[in-house]
Amino acid sequence: MIDINPQRILTRYNVKVEKEMTPEEVAEKLFPVEVNIREVAKAVFEGDEDEVVESIQNAINNGLDPLSLINNALMVGMEIVSTLYDDGVLYLPDVIISAQAMIEGIEYCKERSGQEHEYKGKIVSYVVEGDIHDIGKKIVTVLLRAKGYEVVDLGKDVCVEEVIAAVKREKPIMLTGTSLMTTTMVGFQDVNSRLLESDINVPVVCGGGAVTQDFVSQYELGLYCEEASDVPKIADAIINGLNIGQLMKEFHKH
Amino acid sequence: MIDINPQRILTRYNVKVEKEMTPEEVAEKLFPVEVNIREVAKAVFEGDEDEVVESIQNAINNGLDPLSLINNALMVGMEIVSTLYDDGVLYLPDVIISAQAMIEGIEYCKERSGQEHEYKGKIVSYVVEGDIHDIGKKIVTVLLRAKGYEVVDLGKDVCVEEVIAAVKREKPIMLTGTSLMTTTMVGFQDVNSRLLESDINVPVVCGGGAVTQDFVSQYELGLYCEEASDVPKIADAIINGLNIGQLMKEFHKH
Amino acid sequence: MSLKRYNKMAYDDFEDMVFGHSIYPIKTGFDLEIGAGYTSAEVNYAPRPAAGESKEKLITEYQKITTDVLQRMVQVGFPSVVLETEHVQQMTVNPSWGAEIAHEQKTIMEEFYDEYGIKCALRHTPADIRGGKEALDLRGDSYCLLLESFEEVASNGADMLSIESLGGKSVFDSSIIRNDLSGVLFSIGILGTLDVEFIWEDISKIAKKHDVVAAGDTDCAQANTAMFIAGGLLDRKLAHTLAVVARAVSAPRSLAAYEAGAVGPGKDCGYENTIIKAIAGVPISQEGKGSTCAHSDVMGNLAMQCCDLWSNESVEYRGEFGGTSVQCWGETLSYDCSMMNTAIEAGYAKVFRDVFMVSDRYRDPQAFILAFDNAYRIGESIVKDGNDIYLRAKNAAIEACNIVDEGSRGQLELSRFEKASLAKAIKSLHSLTDEKDVFIEENLNKLSTMESFRPENYGY
Amino acid sequence: MSLKRYNKMAYDDFEDMVFGHSIYPIKTGFDLEIGAGYTSAEVNYAPRPAAGESKEKLITEYQKITTDVLQRMVQVGFPSVVLETEHVQQMTVNPSWGAEIAHEQKTIMEEFYDEYGIKCALRHTPADIRGGKEALDLRGDSYCLLLESFEEVASNGADMLSIESLGGKSVFDSSIIRNDLSGVLFSIGILGTLDVEFIWEDISKIAKKHDVVAAGDTDCAQANTAMFIAGGLLDRKLAHTLAVVARAVSAPRSLAAYEAGAVGPGKDCGYENTIIKAIAGVPISQEGKGSTCAHSDVMGNLAMQCCDLWSNESVEYRGEFGGTSVQCWGETLSYDCSMMNTAIEAGYAKVFRDVFMVSDRYRDPQAFILAFDNAYRIGESIVKDGNDIYLRAKNAAIEACNIVDEGSRGQLELSRFEKASLAKAIKSLHSLTDEKDVFIEENLNKLSTMESFRPENYGY
Ligand SMILES: [Zn+2]
Ligand SMILES: [Zn+2]
Ligand SMILES: [Zn+2]
């Protein structure tokens, strides 16, 4: 069996460009100083649901207000994870695992505080009619929740009627839909038309295997999203007041 | 240097399906019986201009009317060549060489008879604006002349104005245009519109590298032609009275 | 179900494995042999969306596709070719559509065979229509319809039957995005295996009845999903060292088809097929650098190492400068096969096999474990506990991790992150029980809260 | 013009020729070496028609194309790549457009080189804009504009300069459809050669001035036209035994570029490049099974035999399932190169070379004469009378026919028609004079009635 030195024929670029510090080392520098909050943030980073709950309980025991922990500790920890992902240090499953743990933490805080937590905003997510591939939607939904948004997940193979009804009912800041196949992509067109007809100018973020910037550019309300991890950024931009025109400029993929 | 038996890895299908008889053998069975006419037809088959002229002179010397030789001897010889090409026995250059010789023969007959020869019909041919590739047009023009048509060749890179002017002036039974590139194909659209506007319902036969049946199907007057050797067949069909609808049916490539 | 499980390897030595040869070659279609001494292209295509609007348009589309492919084959002198028709939904949901299309395609192929003697065969791959809006429905009405589709194509011209079955998919999707290896092992190794053997018993019967070939299944829905999420070297949606686990476990899962009566050729997107060939000796179709039209991969040459058919996975039927897309890719694939066949004739098959493999052996861990020597090792770990569908899958997962681990101490350069993720994977896998029933019960309990999971899909 | 003609072969023995190696390798771009021990893909692309509507749209299109290619290269671990931009008319007619595009492309390539260390280089191929509505205008205003285009791209990022020049085309077109070999010999061997050396003296000066590479020319407009008209095995628009003559004569024609200062790498669609490599020792780009997107050919593997760059000829930039077309074909080509590079590293380069060649040696006469041993023979017949551009072209034509004739008595099976046409060709070529000036005068006289022929285009 032949063997050769692979460096003569290929380059493992990921090894070549890997950053010097491990994720743990980078995170260590970013954790908050205050010891109770630090523990919560670390637990989110570890993605350990039990540790998250434990550290929250400890912080509460030490006098910190449960509801405040959501923004000051849980979201801070999540923000560190997102930053590490954006900087090329973490992988997406780590983000999802952390997000999951953080969401558990939010639930616990709400229980302990007895009050309602105000979400950043509400988003409706779905997979277009005729399509039952939903990994993309699953990922987007988790990432949005991790960023503090309330997500109404309509599921798979959702017909236009149901989408419009949900939008009217939930009044979201944004709609996000995924489509894997070119044959089902046209559903976005119908949604776009129906929303405009009903005078509902909510941005429709479209992503998934078949979708392209060119396709989405056809629709007044359409925003193209290539990466699941960009969807929360679009949501944040909407919260910050950008209108559809400005959003299109900001997030247009050339 | 390695060598192997090629029959283990490839199949020269042309050798496999080659017909038994040579072109000469097949032609021999098809030549007309009358000896003077036979010689003319044979000379056309050989594609030898000098022999064509010589055999025509001999026939005239032997009392045959020069003008009649065009249809009875020259065209008959050409028809045999075309048949052999359609049947897979000859190659296209053979057809062009014979056509050239036959056209020489027609000129000679016209000279010797002092009369005008009536063409089967008139056709205008051109290469679309922006395109200077004209092998296709050259081939089509020769084949049409070989079939007894008068061809007004407008040349290459011909703008729409010039095409329409020529059609109005020459009143052809058919227009044939070629386009090699997708970027120049749109010229056919303009020609089609302008002809319809001027109420001139002449079929526009379109061919060339970029052209497809689907593209041509968009135009009321458009007929798609994949093979140069099919253009004369379309012309014959028009002479036989088929209208555009019938032509489209007859020559539609699926 | 009492299937005969594989308990030993079909090949004594991985050195005996090579492209164009298999232990149990197949003859089918018009004089076409697979794994009997030469390779052939397997041309795979998708109709344009507009063509899907009606049965008539679809039939015309497939007629054009079939004619185009065969025309190009004879124009360039290729002696053989296989066509694979992966159904679009309508063709399976309306079994008569699939039947008519198979018939039309086969008719054209027969004309070319009669006129030119070109050896050819037709594989039909119905769509797995058992996925519902809420959950998979694997054993209900859609299953009956699916079997009807198989009957229809089998009795109307299809020579080989395949499918990319969905068993375990919803559980897998949730697991893979969370690095949950126990969930991956359960969804592919248990649920996937149970569904594969369930349907392939029926598909094999249909094949036998109509004297056609029950070819095989691939874990496209799971292992290839992992591969696609893992992406290229710089993507960070899934560590490649974890995608390796999904791939390793997909082998015993796809193997179950052969235990239930399938005979090969394994379907093109089954990258696990080399492992299966080592175990079962069946011929296999593969894809790599000839399927970039459909997706990228990190083993474009290595995939050729032991292939018997060489495929382009799928390409939408459309015009290119060089002809229609099926002609372009059909020709490229056929030249690859001509190269392999020439190597065979010249006595250099194994040299070529090795060079294909070494080109990508160290490109990525996913390629490394599928190098035929490593694939063979994984196969051994499977047949070691062949009768236990859990243990054999767990063995495969652990063996694959060990292989990567050893490799990383040799010429397989892993990033720090990959090493860390591999260490976590090994730890996680070793922490699992050895008891099949314990493992299954644990996982069923975990899933009792997952709305889209229905145990009855798998006989529970 | 007093050029130094080739009078001897650069290689002593055809056995010394192989892919990835040349006698005079080239280093250019960002650390990229050509013919210095490894092969690289040369990715070639065409903008979509809509993108050609404005300069801004074109620039954006090429930025996308360049980014896409490089992105895919690093995602799959390829160490090197060449990009070739064949100008659409507007880019040459507006030299500043070509300049801006070259600059934008090179900027992106530099970013990737800086970040990943991927070796890469850029070839620009201006369009030959010297063709007019009535006739070619080879030495007038459009020529000045063409040279300006070369200056602009050379000073704005292009590493290598090429062109597919049109000299002799109109005479060739008329000749080839009439099996007129004397006309073919005149249009390619005389007119083509005269135009090639005329423009390459100027192009080489420009390249030298800007310290870039004067790469080379191909007889696309003539020999490839013959190849395309000849088509596949079953096409009957031109006997393949006659297309062989056009190809053989294209070698001394394209060779003239190197006599006038070009240094390689020869451009991709020059199937005659193997002959030229044998004579001049320059590295060459080739295309075959990796360029089916652009056209079919009968030597998809053989073309790899001695290549230093491996190209896809051209593909329209658009989306496929697997990415954009430049990514799909770029990856396929790069895997072919990885296979060749692995063979080189493993010490099996010549085995692979031979298998590539033998795969197609007997597929068609056009492939047969380009098998490297036969290509070498044709090269020898050229340098034998290297100083006489007529005699050397006539020698090449006759040698090619002899090679096919000998082959037909061996394993190269010709149809009866092909044998008859070959016999006619040999007879016709042998009937030609040996005197260059007599030949030229005869042909100029013949062409005096051809409206679209202008002798002053060639200095007459
Ligand atoms: Zn698949
Ligand atoms: Zn597939
Ligand atoms: Zn070219």
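The sequence lines fix the lettering, A, B, ..., with proteins before strands; numbering per chain opens at 1. All of these numbers come straight from a predicted model, not from anything done at the bench.
- Atom OH of A:Tyr108 has more than 12 neighbouring heavy atoms from other residues, nucleotides or ligands inside a 6.0 Å radius.
- The contact between A:Glu20 and chain C is made entirely by backbone atoms, counting heavy-atom distances below 4.5 Å.
- In this structure, C:Arg236 and A:Val89 have side chains that are not in contact, with every pair of non-hydrogen atoms separated by 4.5 Å or more.
- Nearest heavy atom pair, residue C:Asp354 against residue A:Ile2, reads OD2-N, 3.0 Å.
- Across every non-hydrogen atom of C:Glu413 and A:Val15, the tightest pair is OE2-CG1, 3.5 Å.
- Expressed to the nearest 0.5 Å, how far CG of A:Asp134 lies from OG of C:Ser174 amounts to 7.5 Å.
- For C:Arg178 and A:Glu49, the salt-bridge test fails: no basic side-chain N is under 4.0 Å from an acidic carboxylate O.
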ask   = C:Lys419 and A:Glu18: salt bridge (charged side-chain N to carboxylate O under 4.0 Å, His left out), yes or no, with the steps?
value = CA-CA 12 Å; C:Lys419 284 184 194 164; A:Glu18 189 173 35; over 6 Å; no
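- At a 4.5 Å heavy-atom cutoff, the contact between C:Asp364 and chain A is made by backbone and side-chain atoms alike.
- Distance check, rounded to the nearest 0.5 Å: CD1 of A:Ile135 to CG of C:Asp173 gives 3.5 Å.
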request  = Please assess C:Leu233 against A:Thr11 for the test side chain to side chain contact (heavy atoms under 4.5 Å, CB included), listing each intermediate value before the final yes or no.
outcome  = CA-CA 10 Å; C:Leu233 300 181; A:Thr11 308; over 6 Å; no
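- Using a 4.5 Å cut-off between heavy atoms, C:Glu15 contacts chain A through its side chain alone, with no backbone atom that close.
- When side chains are defined from C-beta on, C:Leu234 counts as touching A:Val17, because their heavy atoms get closer than 4.5 Å.
- Neither the backbone nor the side chain of C:Leu242 has a heavy atom closer than 4.5 Å to any heavy atom of chain A.
- Nearest heavy atom pair, residue A:Ile132 against residue C:Gly131, reads CD1-CA, 3.7 Å.
- Of all non-hydrogen atoms in C:Leu238 and A:Tyr91, the two that sit nearest each other are C-CD2, 3.5 Å.
- Heavy atoms closer than 4.5 Å to chain A are found nowhere in C:Ser421, neither backbone nor side chain.
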key: salt bridge (charged side-chain N to carboxylate O under 4.0 Å, His left out) between C:Lys237 and A:Glu227, intermediate numbers included   = CA-CA 10 Å; C:Lys237 295 204 187 67; A:Glu227 293 289 331; 3.1 Å; yes
inquiry  = Pair C:Arg416, A:Lys19 - check side chain to side chain contact (heavy atoms under 4.5 Å, CB included), show working.
reply    = CA-CA 9 Å; C:Arg416 250 186 7 249; A:Lys19 297 200 177 7; 5.6 Å; no
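- Classification of C:Glu418 and A:Arg12 as a salt-bridged pair holds, one side-chain N sitting under 4.0 Å from a carboxylate O.
- Surrounding CD of C:Glu451 are at most 12 heavy atoms belonging to other residues, nucleotides or ligands under 6.0 Å away.
- Proximity to chain A is absent for every atom of C:Phe228, based on heavy atoms less than 4.5 angstrom apart.
- When heavy atoms are compared at a cutoff of 4.5 Å, A:Asp131 does not approach chain C at all.
- Taking a 6.0 Å sphere around CZ of A:Arg8, one finds it holds 12 or fewer heavy atoms contributed by other residues, nucleotides or ligands.
- For the atom pair OG of C:Ser170 and NZ of A:Lys156, the computed distance is 6.5 Å after rounding to the nearest 0.5 Å.
- Distance OG/C:Ser359 to CG/A:Leu10: 7.5 Å, rounded to 0.5 Å.
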message = With side chain to side chain contact (heavy atoms under 4.5 Å, CB included) as the criterion, how do C:Met357 and A:Met1 come out once you've worked through the C-alpha distance, each side chain's angles and the decisive distance to 0.1 Å?
response = CA-CA 10 Å; C:Met357 182 274 289; A:Met1 218 178 69; 3.9 Å; yes
query = Where do A:Lys138 and C:Ile177 land on the side chain to side chain contact (heavy atoms under 4.5 Å, CB included) test, with the steps shown first?
reply = CA-CA 9 Å; A:Lys138 283 189 158 101; C:Ile177 60 178; 4.2 Å; yes
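- Heavy atoms of A:Val158 lying under 4.5 Å from chain C belong to its backbone as well as its side chain.
- The local environment of NZ in C:Lys133 is crowded, with over 12 non-hydrogen atoms from other residues, nucleotides or ligands closer than 6.0 Å.
- Here CG of A:Asn14 is found 10.0 Å from CG of C:Asp235. Values are rounded to the nearest 0.5 Å.
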